[in-house]
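Naming convention: chains lettered A, B, ... in sequence-line order (proteins, then strands); numbering from 1 in each chain.
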Amino acid sequence: MSKNEHAVPTHFIRQIIERDLAADKNGGRVHTRFPPEPNGYLHIGHAKSICLNFGLARDYPGGVCNLRFDDTNPHKENEDYVNAIKHDVRWLGFDWEDRLFYASDYFEKLYGFAVELIQAGKAYVCDLTPEQIREYRGTLTEPGRESPYRNRSVEENLELFKRIRAGEFEDGSRVLRARIDMASPNMNMRDPTLYRIRHGVIHHQTGEEWCIYPMYDFTHPISDALEGITHSLCTLEFEDHRPLYDWVLDNISIDCHPQQIEFSRLNLEYTVMSKRKLTQLVDEGVTSGWDDPRMPTIAGLRRRGYTPASIRTFCDRVGVTKSANSVEMGMLEACIREDLDQNARRALAVLDPLKVVIENYPGEQVEMLDAPYHPKDGEMGSRQIPFTRELYIDRADFREEANRKYKRLVSGGEVRLRNAYVIKCENVIKDEQGEILELRCSYDPATLGANPEGRKVRGVIHWASASRGVKAEVRIYDRLFQHPAPDADKSVESFLAHLNPDSLHVVQAIVEPSLTSAVEGDRFQFEREGYFCVDPESRPEHLVFNRTVTLRDSWAKIEKQS
RNA sequence: UGGGGCGUCGCCAAGCGGCUAGGCACCUGGUUUUGAUCCAGGCAUACGUAGGUUCGAAUCCUACCGCCCCAGCCA
């Protein structure tokens, strides 16, 4: 944990836990779990859940948190997702130690509890088709009707369930259902399905051992109880499932009854958070993969340059409540800026190069200028930057003429080159179309590490040596969508209609040579531009940087006003 | 027109009957060889609405309004 992270504010779940602790409810234990289904990559919403569950375990004496894969639907799951999820949780900074579990570990026990339910007359084998089950379920305003198979004898149910497990029946032909209340105002209590038949799928953990798979509503409470979970935290859409969670545990012989508590999921503006939609973005090639730096996945944020600490800080700041929310991107960006401002080395990189020739600087001369890695943290040391007769500056840092507000280089004007000399623009060379080709400048040798005498130079711009600088590919990312809530807009056929066509720009930059040794994962502030990280595809002979986030830019605001 | 939730500043969010925490964003100034950072200051006398209880209500009560979730053999 970094120094930036301090005591987090309380929230309603902590209050519940503290009340339980005070009442010695679970023998003083706090035991949570993070239970992802391995059917996709984790996203920032999962990060909130991870920080919550593992954070609680960390903050209470003796607290522990399990990692459990909710792998009851083999159709959509695979081992690659399991590995990616483990990697992401660890990367975020959390440790499940020896508590790695799979719901599939409990298939045999689960089967036993299902038999118990049948023996108690609380579950039955139903032969209705999926369509019929839906019809019999009724609607939100009308009660359902009881299945004609609802009153089968215990013996018949037991026999049938055994034969189902033995593989005698086809997919979809029968299910095991809980026998609760077809007239319940809560849809989840209208004899929910407990088991379905699935032949021919190879489960990533259990292979072909089973042809029946338990449903979430049956599996989850039992898995929690088997692991001795005290507080089972999930998102709001499961609120209606809580009566069923409790019903399952109340009707089987198990001596642990965790408390399910629901909180609202995280929503971020200008992106989507549902696994279905993220999968679609990947499958349709809209993004380069789950780790595309524009994705709100942990892998995407990592590749974008976000640090684990910045994501943890973000999760702490958004808090835990039951109210619907849509958090601004600015909140996330502030967290990474805060981290990187303090911890990232500075470097000079020119993203849109314009050649500058210093006419009074000797052609063959190369001066190595010392430049601190950080303006405030001297302990980070410094590097040498070559200064030569031909340089590059950014096109945006020169204007032939401009008003007083513009503090950069203008014709006949002076500007400070960062960590180097003050230069003056003597001449502007253009082509026939009037396009500026290069600038002819002079430098003042007396201005290295010193202010010029008798005049004030207001601007400072970054630069790179033309001969010693290094080419680099820089990927400039913007938000993936143009709409703050792409999946909430019902007026379009698909959320894809809101894709931002300009979410990625690739530019060829000239960067200072010290960056040649940068390796995957290194993060820098390119001064006056933003924070950048080295992409996994980067090689010493072909550097690739991703822009994590821009710097705050008050100049852009000033310019916008005029 | 069933059930379950939620409504405090542009966005998050504290608050749990006694002067509306805080963060992000935004606005002013100052410092600055990054128009960054940093520092100082500003930013809710209608807490969804209307009634009520109370000396006192965002907090308690009543009614209403708005938004979200639920009719998978998904999780």
Side-chain angles (χ1 to χ4, degrees), chain A residues 9-11 15 35-37 39 70 72-73 75-76 126 128-130 133-135 137-144 171-177 184-190 192-198 213 215-217 219-220 234-243 262 264 266 269 275-276 313-314 316-335 337-338 341-342 346 348 371 374-376 405-408 415-420 422 447 449-451 457-462 525-530 550-559:
Chain A
T10 186
H11 52 66
Q15 292 179 350
E37 182 188 13
N39 66 343
D70 226 329
T72 56
N73 185 7
H75 188 65
K76 306 191 294 178
C126 181
L128 255 23
T129 65
I133 288 183
R134 194 185 329 121
E135 285 163 28
R137 184 151 34 226
T139 68
L140 295 178
T141 50
E142 305 157 24
D171 285 15
S173 61
R174 294 176 214 260
V175 289
L176 184 73
R177 290 228 252 168
S184 172
N186 182 343
M187 286 291 185
N188 297 299
M189 300 301 269
R190 320 243 264 226
T193 299
L194 265 22
Y195 270 91
R196 74 284 217 184
I197 304 172
R198 286 289 177 272
Y213 289 92
M215 299 288 287
Y216 165 87
D217 282 314
T219 309
H220 210 87
C234 61
T235 44
L236 245 31
E237 67 271 26
F238 292 104
E239 232 159 359
D240 288 345
H241 295 240
R242 192 170 63 232
E262 310 85 9
S264 60
L266 171 69
E269 284 193 342
K275 231 185 272 192
R276 203 205 106 239
T313 300
F314 174 73
D316 287 344
R317 285 188 189 174
V318 298
V320 179
T321 67
K322 290 172 81 97
S323 40
N325 60 76
S326 183
V327 179
E328 292 174 346
M329 273 289 180
M331 183 92 90
L332 218 206
E333 292 174 346
C335 294
R337 284 195 186 105
E338 209 170 280
D341 171 60
Q342 201 174 111
R346 310 290 122 124
L348 300 183
H374 192 102
K376 289 184 174 167
K405 279 190 177 171
Y406 189 79
K407 313 197 298 195
R408 312 177 191 182
V415 78
R416 156 79 63 184
L417 292 181
R418 175 69 162 160
N419 297 125
V422 168
T447 55
N451 284 324
V457 174
R458 291 162 61 230
V460 180
I461 63 174
H462 57 285
Q525 183 196 100
F526 289 171
E527 294 201 52
R528 303 210 310 129
E529 291 287 357
T550 61
L551 256 27
R552 272 188 71 232
D553 187 359
S554 52
W555 168 243
K557 281 170 206 155
I558 295 167
E559 230 184 355

Looking at [N], which nucleotide sits across from it as a Watson-Crick or G-U wobble partner, both distances under 3.5 angstrom, or is there none?
N	result
C60(B)	G52(B)
C38(B)	G30(B)
C43(B)	none
G72(B)	none
G66(B)	C6(B)

Considering only heavy atoms of chain A and a distance under 4.0 Å, specify the first and last nucleotide of RNA chain B in 5' to 3' order that meet this criterion. G2(B) to A75(B)
Under 4.0 Å, heavy atoms only, any strand: does [X] hit a base, just the sugar-phosphate, or nothing?
X	value
T447(A)	base
K376(A)	base
T129(A)	base
N419(A)	base
A420(A)	base
E529(A)	nothing
R242(A)	nothing
V318(A)	sugar-phosphate
D70(A)	sugar-phosphate
R198(A)	base
G330(A)	sugar-phosphate
L194(A)	nothing
Q525(A)	base
V415(A)	nothing

Closest non-hydrogen atom pair, [X] against [Y]:
X	Y	result
R458(A)	Y406(A)	NH1-O, 4.2 Å
T72(A)	R196(A)	O-NH1, 3.5 Å
M187(A)	L140(A)	CE-N, 3.2 Å

Pick the [atom1] atom in [N] and in [M], then give their distance to the nearest Å.
N	M	atom1	value
U8(B)	C70(B)	P	22 Å
U37(B)	U49(B)	P	37 Å
G42(B)	G4(B)	P	46 Å
C9(B)	G15(B)	C1'	15 Å
C12(B)	U34(B)	C1'	30 Å
C43(B)	U62(B)	P	37 Å
G22(B)	U45(B)	P	15 Å
A58(B)	C19(B)	P	10 Å

Both P35(A) and N451(A) contact RNA chain B. Which one's nearest nucleotide lies toward the 5' end? N451(A)
Of M215(A) and K322(A), the one whose closest RNA chain B nucleotide lies more 5': K322(A)
Does the distance from a Lys or Arg side-chain N to an Asp or Glu carboxylate O, for E239(A) and K322(A), drop under 4.0 Å? yes
Taking only Lys NZ, Arg NE, NH1 and NH2, and the carboxylate oxygens of Asp or Glu, determine whether R346(A) and D341(A) approach each other closer than 4.0 Å. yes
Give me syn or anti for G72(B), where syn covers glycosidic angles within 90 degrees of 0. syn
Chi-angle category of A13(B) [syn within 90° of 0, anti beyond]: anti
Can any side-chain N or O of [X] pair as donor or acceptor with the backbone N or O of [Y] at less than 3.5 Å?
X	Y	value
K275(A)	E37(A)	yes
R337(A)	T550(A)	yes
N188(A)	D240(A)	yes
S184(A)	N186(A)	yes
S264(A)	A324(A)	no

